[in-house]
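Here's the structure, in structure tokens; my notes come after.
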Amino acid sequence: MIKTVGVIALGGMLGALARFGLGVAFPIAPHAFPWTTFAINVVGCLLLGFIAPLTAGLVRPFLGTGILGGFTTFSTYILEINRLVRAEQLPTAVGYLGATVITALLAAYLGGVAADRVARGRLRA
């Protein structure tokens with residue numbers, strides 16, 4: 001149990017630092033579509049869909065719950081929708097709301113499909 005919490009904490013720190021770095025490198029204008037957060041969440045879902053079925057032991061909580069949990073930021077997603085609504089950017093807010101949900105779910109699914117193909121390739125070898 002202690003090891004699991006430790007690897008999750010370490011992974012979470014690394015994921016959050018990566019997200020912070022991308023936020024600094026690609027800042028979002030106040031009234032603009034939040035492309036950085038959108039990309040972070042979609043990529044995180046793709047990777048989670050890929051690694052979840054392929055990992056076990058302490059690797060899964062380190063990568064999934066830790067790194068990708070710290071990397072993705074659906075709380076920021078909600079805050080950005082709120083910011084856009086308050087700035088009266090309703091079309092952008094609604095577009096961001098829908099595009100994130102649809103694209104993130106599709107990315108997670110495609111990650112799982114890719115993982116399945118990798119796993120089948122392993123079984124054949």
Side-chain angles (χ1 to χ4, degrees):
M1 177 65 160
I2 299 279
K3 284 183 184 179
T4 304
V5 171
V7 298
I8 290 171
L10 176 61
M13 178 189 68
L14 296 172
L17 286 171
R19 174 176 29 99
F20 177 77
L22 288 170
V24 170
F26 303 100
I28 300 164
H31 299 336
F33 188 95
W35 286 107
T36 304
T37 305
F38 177 80
I40 286 168
N41 287 334
V42 171
V43 168
C45 286
L46 176 74
L47 293 174
L48 188 57
F50 182 77
I51 64 122
L54 297 177
T55 58
L58 289 177
V59 174
R60 183 176 292 160
F62 174 71
L63 292 176
T65 307
I67 289 180
L68 294 175
F71 182 68
T72 57
T73 177
F74 285 91
S75 58
T76 300
Y77 159 70
I78 296 302
L79 291 173
E80 288 171 339
I81 291 168
N82 185 34
R83 174 184 50 82
L84 289 166
V85 168
R86 287 177 182 260
E88 298 181 3
Q89 301 295 314
L90 293 179
T92 303
V94 171
Y96 180 47
L97 174 74
T100 298
V101 171
I102 292 166
T103 309
L105 288 172
L106 181 61
Y109 171 76
L110 292 175
V113 169
D116 184 56
R117 289 188 179 171
V118 167
R120 288 175 193 240
R122 285 186 189 167
L123 295 175
R124 289 185 195 149

When rounded to the nearest 0.5 Å, the distance separating OG1 of T36 from CD of E80 is 8.5 Å

Measuring from L105:CG to L110:CG, what's the distance to the nearest 0.5 Å? 11.0 Å

Side-chain heavy atoms nearer than 4.5 Å, only ILVMFWY residues, links allowed to pass through others: does that put L48 and V113 together? no

F62 and T55, any side-chain heavy atoms less than 4.5 Å apart: no

Is there a path of hydrophobic side-chain contacts, each under 4.5 Å between heavy atoms of I, L, V, M, F, W or Y residues, that connects L46 with V59? no

Under the side-chain contact (heavy atoms from CB on, under 4.5 Å) rule, collect the residues that match up with A115, sequence neighbours excluded. F50, P53, L54

What distance do R19 atom CZ and N41 atom CG have between them, rounded to the nearest 0.5 Å? 8.5 Å

Can you find a heavy atom in the side chain of L68 that is under 4.5 Å from one in the side chain of I51? yes

In one Ile/Leu/Val/Met/Phe/Trp/Tyr side-chain cluster, 4.5 Å: V5, L63: no

Over 60° means perpendicular and under 30° means parallel, so tell me whether Y96 and F33 are parallel, tilted or perpendicular. perpendicular

Check the hydrophobic clustering (I, L, V, M, F, W, Y; side-chain heavy atoms under 4.5 Å; chains of links allowed) and say if F38 and V101 are grouped together. yes

I28 versus R83: any side-chain heavy-atom pair under 4.5 Å? yes

If I compare all heavy atoms of A32 with all of T92, which pair ends up nearest, and what's the gap? C-CG2, 4.3 Å

V24 versus F20: any side-chain heavy-atom pair under 4.5 Å? yes

Side-chain contact, heavy-atom cut-off 4.5 Å: F74 with T76? no

Please tell me if the side chains of L58 and K3 come closer than 4.5 Å, counting only heavy atoms from C-beta onward. yes

So, the side chain of T37 versus the backbone of Y77: is there a donor-acceptor pair under 3.5 Å, distance only? no

Evaluate the side-chain proximity of P34 to L84: yes if any heavy-atom separation is below 4.5 Å, no if none is. yes

Decide whether F26 and V42 are clustered together by the hydrophobic rule: side chain heavy atoms of Ile, Leu, Val, Met, Phe, Trp, Tyr closer than 4.5 Å, transitively. no

